[in-house]
Amino acid sequence: MTALELLAPARNLACGMAAIDHGADAVYIGAPQYGARAAAGNTLDDIRVLCDYAHRFLAKVYVTVNTIVYDRELEEVGALVDQLAAMGVDAILVQDMALVRMTAELKQTAGWGMALHASTQTDNRTAERVAWLHSIGFSRVVLARELSVSEMDDIHRQVPDVELEAFVHGALCVSYSGVCYASQYCFGRSANRGECAQFCRLRFDLTDADGERVDSPRYWLSLRDMCRIDHLSEMAAAGITSFKIEGRLKDEAYVKNVVAAYSQQLERVVAASGGAYRRASLGRVSLAFAPDLHKTFNRGFTGYFIDGKGDDIASPDTPKALGEYVGKVKEVRRDSFNVAGLASFANGDGLCFFDRNRTLCGFRVNRAEGNRIYPQKMPPQLRPGMALYRNTDAMFDKTLARQSAVRRIPVTMHIMAADDGLCLEAEVIGTDIKAVVRQSVDFQEARQPQEANIRQQLSRLGNTIYEASEVIVDSEVKGLFVPSSMLADMRRQAVEALDQSLSDLSDQSDSSDQSDLSDQSAPSAQAATTVPSVYARYSYLYNVANEVARQFYADHGMPNVGKAFEMGNTHPDKGRGEPLLMQCRHCVRRLLGYCTKERKKMPWREPLSLALPDGRHFRLEFDCRHCQMLVYAEN
């Protein structure tokens, strides 16, 4: 039976605990430093608390240590990793190859076991890449977001022994992760150091080789948000065991809603599998709301190449959140308007629309009377017939601001007579986890029926993480007088024993990962054979920022890997040319309707270029053989 894991983001401790409460099987959270979201760091104390909270449900905690690391930082990073292992973190996500060697050495000296996961920042597009990463010590690989189900399946068939993790929801980088240097080049803020300035969300002119404008300025590189909630079954069949939600900068309401929605869907996948799948953690979630993905931050949704096609993936009119479609503007008055549609509105809702110039305009609802809306300030651009979207649902947000979920582990409580008294067996339903409590007692016949009181006492698990789904009272016990205090004490002992069993299982899981950190200094495949051919020209794509990583690659057949882009290595190693800033599966030609597969000749002379208002240009190159668009900084 394959365990399926819903992996949720945690901006902070509160978000991590909310994710567990709403159905996550694992969470990933940033360390105090060296995570790929510099603005989402957390204290070690908070990470320790989150581990304790998650492990009660056999859920796991992964910590992102996935930036590139400079030589002066290696000692500090090593100490951080050692601390994370000591507090029970289940895995760290890594980009820098120095950490592969360092964790192997730390494991040997400190004796701890903690899994190593290859971050999507390691550019994991092919089976060859995944196999190499597995051979050097990674137990899990986070696949590139751009892969289709078919490509995932191909990787799984070729490398069946490695765990595969794939994104299913959230914001999208337009470039393959780990090989985007636009933010560093333009603003001195490295995406590989957790400081991305979101170059891809900027507005550009698009010009041809003659400098003529191809179209009006638009957000040519801005993508919609991923949503693969209807494809979880296909992905599981293709070998994906961890389904990852993006959003370590998102708030608690986002985490609650999205995790709840995907958890419910994953439960349906498990139920329909005929026993082939199970959830990776324990617990049954009761929600106080109906999850709705359209009601939290989104730029419109896309399956993003899940079927191999690149249609409807871009959001060129705006990089901002649209939210849910709620109808069309029907009639506009001086201070109000009404909406043709079935949606209901509330004071404080945030609404938006595209004006006649395709500019997104937003406003706040001051008062709603049925479908008549009174804005705080009437937007002058609003016209009848315009589509209206809600990007803030005041009532939904109010619900999520309160306690919106309870997670309990269902157990069976079975009380029976024993030779010297009573025996209480508490068993976690669907598992082998069981606690047995025995109590010596002098049997006394009851004057009144006792079954109802016995059931009531054994069901009182409200202050614990358990719920009594079934209470079985054997017939020979029903006629006995059993003091309520004795039943309460047996119940308490059973809960303590279950807690200890879950803690032991969590510790065993940690120990079982020790083999993942064995010393991998012996050469396996050459790293150069596992990446796209463009790496041969731009060796900064390997993101080597320290001598330990450089030696690691040398030991794996690559003695001449160049320095990282962030260290001033910005030009090709072979020939002359512009710096390569992005490798994208998104294609502007396809967006314009001129994909070469359509055999429709483009009316503009190439190369096309993107231009910022300050005059900086970025040349586009279309590698149609590999279905890829390359973005260069023009010299």
Side-chain angles (χ1 to χ4, degrees), residues 1-7 25-26 28 60 62 66 90-91 93-95 100 115-170 172 176-178 226-246 262 265-266 268-270 272-281 303-310 509 512-513 515-516 520 524-525 527 529-532 585 626-627:
M1 186 181 293
T2 302
L4 301 183
E5 173 187 276
L6 179 60
L7 176 56
D25 300 294
Y28 63 105
K60 296 189 174 182
Y62 309 139
N66 57 340
D90 298 284
L93 284 88
V94 169
Q95 174 186 14
V100 178
L116 207 59
H117 294 179
S119 168
T120 189
Q121 299 293 116
T122 53
D123 192 12
N124 310 319
R125 315 183 204 180
T126 65
E128 292 78 14
R129 181 67 172 175
V130 172
W132 182 73
L133 290 168
H134 188 42
S135 74
I136 62 173
F138 289 100
S139 63
R140 177 183 294 188
V141 175
V142 188
L143 297 179
R145 291 172 174 86
E146 291 81 358
L147 299 185
S148 67
V149 166
S150 177
E151 290 167 316
M152 296 174 194
D153 183 61
D154 184 57
I155 290 172
H156 175 60
R157 284 188 289 103
Q158 293 189 54
V159 198
D161 295 331
V162 65
E163 296 176 11
L164 297 180
E165 181 179 306
F167 282 91
V168 292
H169 196 89
L172 288 164
Y176 282 92
S177 292
M226 177 186 285
C227 181
R228 291 175 168 175
I229 196 166
D230 295 327
H231 299 279
L232 303 187
S233 182
E234 302 165 54
M235 294 174 68
I240 303 302
T241 56
S242 180
F243 302 86
K244 187 171 192 173
I245 297 168
E246 184 276 339
Y262 275 86
Q265 183 66 7
L266 203 57
R268 298 184 190 105
V269 172
V270 170
S273 72
Y277 303 132
R278 64 173 178 85
R279 293 296 292 270
S281 64
Y304 200 54
F305 299 106
I306 191 70
D307 56 0
K309 300 176 182 177
S509 177
S512 68
D513 288 325
S515 60
D516 298 329
Q520 300 291 339
S524 52
T529 66
T530 73
V531 291
R585 200 165 186 178
H626 297 103
C627 199

| Chi angles and distances behind the side chain to side chain contact (heavy atoms under 4.5 Å, CB included) call for Asp90, Tyr62 | CA-CA 6 Å; Asp90 298 284; Tyr62 309 139; 3.9 Å; yes
Heavy-atom nearest pair, Val162 first then Ser139, reads CG2-O, 3.5 Å
Between the CZ atom in Arg145 and the OH atom in Tyr176, the distance rounded to the nearest 0.5 Å is 12.5 Å
- prompt: Donor-acceptor pair, Tyr304 side chain versus Cys227 backbone, under 3.5 Å?
  reply: no
| query | Any Lys/Arg nitrogen of Glu151 or Arg585 sitting under 4.0 Å from an Asp/Glu carboxylate oxygen of the other? | reply | yes
From CA spacing to verdict: side chain to side chain contact (heavy atoms under 4.5 Å, CB included), Phe138, Val94
CA-CA 9 Å; Phe138 289 100; Val94 169; 4.1 Å; yes
#### Entry: Validation row: Leu232, Leu4 side chains within 4.5 angstrom (heavy atoms)
no
One should read off an interatomic distance between His134 NE2 and Glu163 CD, to the nearest 0.5 angstrom, of 9.0 Å
To the nearest 0.5 Å, atom NE2 of His117 lies from atom CG of Leu7 at 9.0 Å
Interatomic distance, OH@Tyr28 vs OG@Ser242, rounded to 0.5 Å, equals 9.5 Å
Main-chain N/O of Leu6 paired with Asp25 side-chain donor or acceptor, under 3.5 Å
yes
Residue set satisfying side chain to side chain contact (heavy atoms under 4.5 Å, CB included) with Ala131, at least two apart, ordered chain then number -> Val159
Point to revise | Check against side chain to side chain contact (heavy atoms under 4.5 Å, CB included), Glu246 and Met226 | key: CA-CA 9 Å; Glu246 184 276 339; Met226 177 186 285; over 6 Å; no
Closest non-hydrogen atoms of Gly308 and Ser148, given as atom of the first, atom of the second and distance, are N-CB, 3.7 Å
Heavy atoms of Ala238 and Val149 approach each other most closely as CB-O, 3.8 Å
The reported gap from CG in Leu133 to CD in Glu128 (rounded to nearest 0.5 angstrom) is 11.5 Å
Separation between CD (Glu5) and OG1 (Thr241), nearest 0.5 Å, reads 7.0 Å
Smallest heavy-atom separation, Ile306 atom then Arg228 atom, equals CD1-NE, 3.6 Å
Report task. Any chance you could lay out the side-chain hydrogen bond (donor to acceptor under 3.5 Å, both in side chains) test for Tyr262 and His169, step after step, and finish with the verdict? Result -> CA-CA 9 Å; Tyr262 275 86; His169 196 89; 2.9 Å; yes
Heavy-atom closest pair (Glu165 atom, Lys244 atom, distance to 0.1 Å) is OE2-CD, 2.9 Å
TODO: For residues Arg129 and Thr122, determine if any side-chain heavy atom of one lies less than 4.5 Å from a side-chain heavy atom of the other.
DONE: yes
| message | Would Ile240 and Val168 count as a side chain to side chain contact (heavy atoms under 4.5 Å, CB included) here? Give the steps. | response | CA-CA 11 Å; Ile240 303 302; Val168 292; over 6 Å; no
Are any side-chain N or O atoms of Asn124 and backbone N or O atoms of Val130, one a donor and one an acceptor, separated by less than 3.5 Å? no
All heavy atoms of Ala527 vs all of Trp132, minimum pair found to be CB-CZ2, 3.6 Å
State, yes or no, whether a side-chain contact exists between Pro532 and Arg125 at a heavy-atom distance under 4.5 Å.
yes
Is the shortest side-chain heavy-atom distance between Met235 and Met152 below 4.5 Å?
yes
Sorted by chain and number, sequence neighbours left out, salt bridge (Lys or Arg N to Asp or Glu O under 4.0 Å) with Arg157 holds for Asp153, Asp154
